[in-house]
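Nothing fancy with the numbering, it's 1 onward along the sequence.
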Amino acid sequence: MKSGVRRFHEQDAEQRRQFYTRNFSSRIVYNSNFDLYTGPAANWRDTVSFNMAPDPLKPEQLPTVCGEIVAEYSAEVVKLGDLLFELLSEALGLRSNYLKDLDCGRGIQMVCHYYPACPQPELTLGATKHADNDFITVLLQDHIGGLQVLHQGKWIDVPPLPEALVINIGDFLQLISNDKFISVEHRVLANSRGPRVSVACLFGTYLFPNPRKYGPIEELLSAENPAKYRETTTAEYVCCGNDKGLDGSSTLLQFKL
Ligand SMILES: O=C(O)CCC(=O)C(=O)O
Ligand SMILES: [Fe+2]
């Protein structure tokens, strides 16, 4: 999968150009910095993303250099998602199908990053501090490193482990769990040893029409633990996050009651 991402980003500009767009509702989006015109600073990163569930793009609709592997990998991630949402439901004390029945595992956006070697990495970042606008993210990173999570006010390295995936809790799971799960704030340092490649599979439902309103799960609420967030749709939430860009602030704050 990592080689496939590298092949995409290292092919001729002519080949890549056909996928370039800044329209978030396209099923394939290739650009540098989704928030180039809204965020406070550009990051040292190019990205191609594929909308691979619930209605997967077929290999022939995908770029030739990585279509087969994108289709195969995303199908496996969808299966992994089913298991993760079962475990997360149980961890919340809910029946195991609960989060699946809320469609948490239904949509995935597969976001494939390429962080070129940077001559002055101390002057920029690969990705500014943020939490993901989704339920969970399944992240595959290569051997270069640079991912960090914010823990008790300190940036902690998440060193790459061969064959390991990183599972991040996103803002949407924080919202529906009423803060039982807390989304992880993270960033990526720029590096001079690159390129670095990563694949973030974001479980959310942005690109298929999903009118469902998501709010804190009733079963988790009580008189002592009232709802902390207002209801929203995944589309509204993601638009809000995209419009804001990676400015270091949390999109969740805008939904607090
Ligand atoms: O490249 C990485 O390791 C992280 C990417 C990321 O945070 C994201 O796509 O939301
Ligand atoms: Fe992220």
Side-chain angles (χ1 to χ4, degrees), residues 1-36 42-53 55-81 107-118 125-128 130 132-134 136-147 158 160 162-168 170 186-191 194-204 206-207 238 241-242 246:
M1 187 61 243
K2 291 173 275 188
S3 319
V5 175
R6 195 163 169 166
R7 280 197 302 277
F8 176 86
H9 287 280
E10 293 182 352
Q11 67 188 329
D12 289 346
E14 267 319 300
Q15 301 296 317
R16 283 177 279 145
R17 193 190 306 272
Q18 51 184 310
F19 301 104
Y20 174 82
T21 176
R22 291 199 170 273
N23 176 359
F24 295 127
S25 53
S26 300
R27 298 199 61 197
I28 304 183
V29 175
Y30 168 56
N31 62 38
S32 180
N33 287 258
F34 73 94
D35 58 346
L36 193 61
N43 289 158
W44 201 267
R45 169 186 93 240
D46 288 341
T47 303
V48 62
S49 58
F50 307 108
N51 179 242
M52 294 305 290
D55 172 24
L57 292 162
K58 300 191 176 52
E60 57 275 20
Q61 296 171 289
L62 291 160
T64 323
V65 288
C66 58
E68 294 281 344
I69 188 64
V70 165
E72 190 183 331
Y73 180 82
S74 57
E76 293 300 322
V77 172
V78 168
K79 284 189 231 158
L80 175 62
I108 63 166
Q109 193 67 12
M110 191 169 162
V111 183
C112 306
H113 300 292
Y114 184 85
Y115 303 83
C118 178
L125 281 169
T128 312
H130 68 282
D132 296 343
N133 290 332
D134 62 355
I136 59 169
T137 304
V138 172
L139 178 72
L140 170 70
Q141 56 167 340
D142 73 5
H143 58 287
I144 295 285
L147 176 66
V158 183
E163 317 290 322
L165 296 167
V166 176
I167 313 296
N168 281 333
H186 53 286
R187 69 178 186 181
V188 180
L189 302 179
N191 76 86
R196 173 178 184 271
V197 160
S198 69
V199 179
C201 288
L202 278 75
F203 279 86
Y206 337 111
L207 284 189
V238 170
N242 283 350
L246 299 186

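Judged as a side-chain contact (heavy atoms from CB on, under 4.5 Å), and not counting sequence neighbours, the contacts of N33 are D35, L36, A42, N43. Residues that satisfy the ring pair (Phe, Tyr, Trp, His ring centres under 6.0 Å) test with F203, not counting sequence neighbours, are F85. By the side-chain hydrogen bond (donor to acceptor under 3.5 Å, both in side chains) test, T137 is found to be paired with D132, D134, residues two or more places apart in sequence or in another chain being considered.
Counting all heavy atoms, side chain and backbone alike, M52 lies closest to L62 at CE-CD1, 4.1 Å. The shortest heavy-atom contact between G194 and I144 is CA-CD1, 4.3 Å. Nearest approach of P63 to I28, heavy atoms of both residues: CD-CD1, 4.5 Å. Across all non-hydrogen atoms, the minimal contact from D142 to V197 is OD2-N, 2.8 Å. Scanning all heavy atoms of the two residues, the minimum distance from W44 to A117 falls at NE1-O, 3.4 Å.
Annotation: side chain of F19 is not in contact with side chain of S26 (no heavy-atom distance under 4.5 Å).
Note that the CZ atom of R45 and the OG atom of S32 stand 7.5 Å from one another [nearest 0.5 Å]. Atom CZ of R196 sits about 8.0 Å away from atom CG of N191, to the nearest 0.5 Å. Between the SG atom in C201 and the CD1 atom in I136 there is a gap of 10.0 Å [rounded to 0.5 Å]. Q61 CD to F50 CZ: the interatomic distance, rounded to the nearest 0.5 Å, is 12.0 Å. Rounding to the nearest 0.5 angstrom, the gap separating the CG atom in N31 from the OG1 atom in T47 is 6.5 Å.
Of the candidates L165, L147, V199, L147 is the only one forming a side-chain contact (heavy atoms from CB on, under 4.5 Å) with L139.
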In residues 69-80, what donor-acceptor pairs under 3.5 Å come from side-chain atoms, sequence neighbours left out?
unit_1	atom_1	unit_2	atom_2	d
S74	OG	V70	O	2.8
S74	OG	A71	O	3.2
E76	OE2	K79	NZ	3.2

Can you give each donor-acceptor pair under 3.5 Å made by side-chain atoms of residues 1-8, sequence neighbours left out, with the distance rounded to 0.1 Å?
unit_1	atom_1	unit_2	atom_2	d
R6	NE	E10	OE1	3.3
R6	NE	E10	OE2	3.0
R7	NE	V65	O	2.8
R7	NH2	V65	O	3.0

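Applying the side chain to side chain donor-acceptor pair (under 3.5 Å) rule to pairs touching residues 14-23 yields E14-R17, R16-Y30, Y20-R22, N23-S25, sequence neighbours excluded.
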Quick one, L189 with R187, criterion side-chain contact (heavy atoms from CB on, under 4.5 Å). Give me CA distance, side-chain angles, the key distance, then yes/no.
CA-CA 7 Å; L189 302 179; R187 69 178 186 181; 3.9 Å; yes
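Other residues, nucleotides and ligands place more than 12 heavy atoms under 6.0 Å from the CD atom of Q11.
Side chain of H9 to backbone of C112: a donor-acceptor contact under 3.5 angstrom is found.
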